[in-house]
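Below, read A as the first sequence line, B as the second, and so on, with proteins coming before strands; counting in each chain starts at 1. Everything quoted here is computed from the prediction, not taken from an experiment.
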Amino acid sequence: MSVVRVTLPDGSAREYDREVTPLDVAKSIGSGLARAAVAAMVDGRGVDLTTPLVGAVALNILTDRSPEALEILRHSCAHLMAQALKRLYPEARFGVGPVIDNGFYYDVDIDHRLTVEDLPRIEEEMHRIVKENVAVERRELAREDALEAFRRLGDPYKVELIEAIPAGETISTYAQGEFVDLCRGPHVGSTGKVRHFKLQSIAGAYWRGSEKNKQLQRIYGTAFFSEEELETHLRLLEEAKRRDHRRLGRELDLYHLQEEAPGMVFWHPAGAVIWRQVEGYIRGVIEQNGYQEIRTPMIVDRSLWERSGHWDKFREMMFTTESESREFAVKPMNCPCHIQVFNQAVRSYRELPLRLAEFGSCHRNEPSGTLHGLMRARNFVQDDAHIFCTEAQIGPEVIAFIRLVFEVYATFGFGVPLIKLADRPAQRVGSDAVWDRAEQALRDALAEVGASFELNPGEGAFYGPKLEFSLQDSLGRVWQCGTIQVDFSMPERLAATYVGEDNHPHTPVMLHRAILGSIERFIAVLIEHFGGAMPPWLAPVQAIVLPISERHRDYAVQVSARLAQVGVRTEVDRHDEKVGAKIRNAQLRKIPYMVVVGDHEQEAGTVAVRLRDLGDQGSMEIDSLIKRITTAVRSRAIEL
RNA sequence: GCCGACGUAGCUCAGCCGGUAGAGCAGCUGAUUUGUAAUCAGCAGGUCGCAGGUUCAACCCCUGUCGUCGGCUCCA
């Protein structure tokens, strides 16, 4: 009998002179750990608690507190659901059933067309299987045996999956009672461990993601280790629904979309205020950071797009128009136009880096099925800029840009963004040496500002590597907004040059960069982040004056005029309603400052202030209110 | 773009087996003169997404189309 030597995450080691499993090890450490154990990592690989350990291994027992364990639980829950489905629909054949962010899904091929009404029945069956507490057992088998087994089960999808598994890789199945599934594992030890779950929705999904294949029914669900966590998660989803920018956009009268212009936004006065504030703020920031704003045409002759390469690659995404036998395209991006501005003069190296910025309105004919409110539109405005520079200037420019992104996101009330470095894809232009230097410049810039990042291997653009900046909203959702991309290709294609110190022409490097990305989309993120309750500087109406009764209207108008004089966006509520109703309306419109005026205030020349988030503040001088509002607005405070 | 569901008043939604549409909120008018999340009453508001078809008769059934929603795919 060989000796098993186990090293635990804390560095301690244990030796066993008999066959042991992770569960045995857990038991030998403590019964509490054994109870909490879900699965284990052996040398970085997930295994079942019952997998025998061999030789010297690094063991990490996963308990219900480890993030990896949650994925295992959800994966086991997917199997549990599949078993229930098989019981209810014996003809069921299964595609893939992976874990995804916040849950899992399983693709199933059954004759019955599922609706959400079927979900409770499936859940019921799942709970029954949980009660049965069936053991989940792993079996490893030879490829031929596996193929044979699933052929016998009549599961063509699984057969296809096995065929795709590279030779030499272990093929394993997991059985729980009468149900067997092809699976790498690991899994929880028995169905009784999966208790807190919810099936959420049904959607169509093609087998292997190709529309040429049969469409399967995909059932989404989620699972947690405790009922509280499950409920918290479900509440979060409810909250996300309440904050949906499409719903708030209508309720707050910010914008609308209509059939005649699919994917293109009609901004209402209130929404346009938010827009102007966002744009104005960014304009100020870039002015202070050495950018020059330009404006370029929206419709440009086809020949420019041919030269830039867009016509070849993205023609079907471009709107075109025609006049006097010439074909034009509505710009899908601003860079070719910016290069035209660059090219209008003989540029010297002394002018670099040259930073040209534009709030450029772009149109892309996105597939109809992908449109989503402001988040994915066919017409959107980028806070775009192109920095023309030398290769040596990439580093400093990227550093400055990262700092700028951090500053801007913080202003909007977001924390430090998540950063991804997308490096060279298989299909690319430019020599490896140039890519090496550009990627290194991005890494060095990140190190210089002390920013941590994740690598996104092979996801760079064909023309250069890029950084992507994602912010996290108040519900913990991640939105990619900012980006900076190195471009070795387009300046050359469009013949951009500058005269170097050596008196010879050189091709500049171009950096594409945006902080917010699409302003439409960024506003949508803001709406959802704040749940429509915008900070004072962004609020369409900052202060609404509420006269107690009709006889206070004149005074209300005076107060409102005073506020307007100092630049506060204000209104008077002239409805013939009780204050309670006016407060309610103002509150529903999420107006930050409510200014109540009645007999007391009129006589004393004061105002009674109610804050959206903090309630009644009592009476104060009008000047105090003005100071309070203008201070909050000027500092772009998030809190009132 | 693909699959599915949906499209009725400004908004949210009812509308049975095919017999020419209804509520609440919002709006308007009147009464009320209001003190921190909804005062009462009346009135007005509709080519039932659009185009065809079936039928004596279509919001309802059929076909097409546009849009929206949920996914899939895509996202320079």
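Within the structure, every side-chain polar atom (N or O) of H575(A) is placed at least 4.0 Å from both OP1 and OP2 of A26(B). Distances shorter than 4.0 Å separate none of the side-chain N or O atoms of R218(A) from OP1 or OP2 on C3(B). For the OP1/OP2 pair of C69(B) and a distance below 4.0 Å, the side-chain nitrogens and oxygens of R246(A) include at least one atom meeting the criterion. For Y105(A), no side-chain nitrogen or oxygen approaches OP1 or OP2 of G70(B) to under 4.0 Å. Not one side-chain nitrogen or oxygen of H552(A) sits closer than 4.0 Å to the OP1 or OP2 atom of G35(B).
Using the six-membered ring where Trp is involved, F469(A) and F401(A) have ring planes that are perpendicular, over 60° apart on the 30 and 60° scheme. Taking the six-membered ring where the residue is Trp, F266(A) and H256(A) present parallel rings, their angle staying beneath 30° rather than reaching 60°. Ring pair H386(A)/H512(A) is perpendicular by interplanar angle, where above 60° counts as perpendicular and below 30° as parallel.
Regarding M594(A), its CE atom lies at a distance of 9 Å from the C1' atom of U36(B), rounded to whole Å. In this entry the distance linking CD of Q587(A) with P of U36(B) reads 14 Å, nearest Å. E251(A) places its CD atom 15 Å from the C1' atom of C13(B), with the value rounded to the nearest Å. One can place NE2 of H600(A) at 10 Å from P of G35(B), the figure rounded to the nearest angstrom. Atom-to-atom, CZ of R242(A) to P of U12(B) comes out at 17 Å; the value is rounded to the nearest Å. Distance Q617(A) CD to U36(B) P: 15 Å, rounded to the nearest Å. C74(B) atom P lies 15 Å from atom NZ of K313(A), rounded to whole Å. Here A26(B) presents its C1' atom at 12 Å from CZ of R584(A), a figure rounded to the nearest Å.
Contact annotation for E577(A): base contact, defined as any heavy-atom pair under 4.0 Å involving a base atom. Using a 4.0 Å heavy-atom criterion, one finds that A608(A) contacts the bases of the nucleic acid, with or without backbone contacts as well. Within 4.0 Å (heavy atoms only), M317(A) reaches at least one base atom of the nucleic acid. In this structure, Y220(A) reaches the sugar-phosphate backbone alone: every heavy-atom distance under 4.0 Å involves primed, P, OP1 or OP2 atoms, never a base. Heavy atoms of H512(A) sit nowhere under 4.0 angstrom from any nucleic acid atom. Residue contacts shown for R250(A) are limited to sugar-phosphate atoms, with no base heavy atom under 4.0 Å away. Note on T370(A): a base of the nucleic acid sits closer than 4.0 angstrom, heavy atoms only. Counting any heavy atom pair closer than 4.0 Å across all strands shown, V579(A) reaches sugar-phosphate atoms only and no base atom. Residue-level contact check: L371(A) touches the backbone only, with heavy atoms under 4.0 Å from sugar-phosphate atoms and none from bases. Note on A461(A): nothing from the nucleic acid sits closer than 4.0 angstrom, heavy atoms only. Base contact: G598(A) has a heavy atom under 4.0 Å from a base atom. Base contact: D599(A) has a heavy atom under 4.0 Å from a base atom.
Among the nucleotides A76(B), G49(B), C72(B), the one closest to the side chain of E259(A) is G49(B). Comparing G67(B), A76(B), A37(B) by their nearest atom to the side chain of L588(A) picks out A37(B). For R610(A), whose side chain is taken as the heavy atoms from C-beta onward, the closest listed nucleotide among U33(B), U36(B), G49(B) is U36(B). Among G35(B), A37(B), U39(B), the nucleotide with an atom closest to any side-chain atom of I583(A) is A37(B). Distances from the side chain of P332(A) to the nucleotides A76(B), G1(B), U68(B) place A76(B) closest.
By the neighbour-count criterion of 12 heavy atoms within 6.0 Å, atom CD of E251(A) is densely surrounded, having more than that number from other residues, nucleotides or ligands.
Searching all strands for a Watson-Crick or G-U wobble partner of C48(B) with both distances below 3.5 Å returns nothing. Figure legend. C40(B) is base-paired to G30(B); pairs are counted as Watson-Crick or G-U wobble with both atom distances under 3.5 Å. In a base pair of the Watson-Crick type (N1 to N3 plus N6-O4 or O6-N4) or a G-U wobble (N1-O2 and O6-N3), with each distance short of 3.5 Å, C6(B) is matched with G67(B). With a 3.5 Å ceiling on both atom-pair distances, the Watson-Crick or G-U wobble partner of C61(B) is G53(B).
Rounded to a whole angstrom, the distance from the P atom of G71(B) to that of C17(B) is 31 Å. If you take atom P in C13(B) and the same atom in G4(B), they sit 24 Å apart, rounded to whole Å. U63(B) and A76(B) have their P atoms separated by 38 Å, with the value rounded to a whole Å. Nucleotides A9(B) and C3(B) have their C1' atoms positioned 32 Å apart, rounded to a whole Å. C28(B) and U36(B) have their C1' atoms separated by 27 Å, with the value rounded to a whole Å. If you take atom C1' in A21(B) and the same atom in U47(B), they sit 13 Å apart, rounded to whole Å. For the C1' atoms, the distance linking G30(B) with U65(B) amounts to 47 Å, nearest Å. Rounded to a whole angstrom, the distance from the P atom of A14(B) to that of G49(B) is 14 Å.
One finds a salt bridge joining K331(A) and E358(A) here, because a Lys/Arg side-chain nitrogen approaches an Asp/Glu carboxylate oxygen to under 4.0 Å. Using a cut-off of 4.0 Å between Lys/Arg side-chain N and Asp/Glu carboxylate O, D107(A) and R218(A) are scored as salt-bridged.
Look at C17(B): its glycosidic torsion is within 90° of 0, and that puts it in the syn range.
Positionally, the nearest nucleotide of RNA chain B for P262(A) lies more toward the 5' end than for the other of P262(A) and D244(A). Each of G263(A) and E366(A) lies near RNA chain B, and the nucleotide nearest G263(A) is the one positioned closer to the 5' end.
Side-chain atoms of Q542(A) come within 3.5 Å of backbone N or O of P536(A) as a donor-acceptor pair. The closest donor-acceptor contact from the side chain of D253(A) to the backbone of R589(A) lies at 3.5 Å or more, if one exists at all.
Annotation: side chain of P336(A) is not in contact with side chain of R493(A) (no heavy-atom distance under 4.5 Å).
Interface remark: the Q200(A) side chain does not form any donor-acceptor pair with the G70(B) base, using a distance-only criterion of under 3.5 Å. Counting distance only, with no hydrogens placed and no angle test, the side-chain atoms of R376(A) and the base atoms of C74(B) include a donor-acceptor pair under 3.5 Å.
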Steps toward side chain to side chain donor-acceptor pair (under 3.5 Å) verdict (R513(A), Y291(A)): CA-CA 12 Å; R513(A) 45 106 292 169; Y291(A) 290 83; 3.1 Å; yes
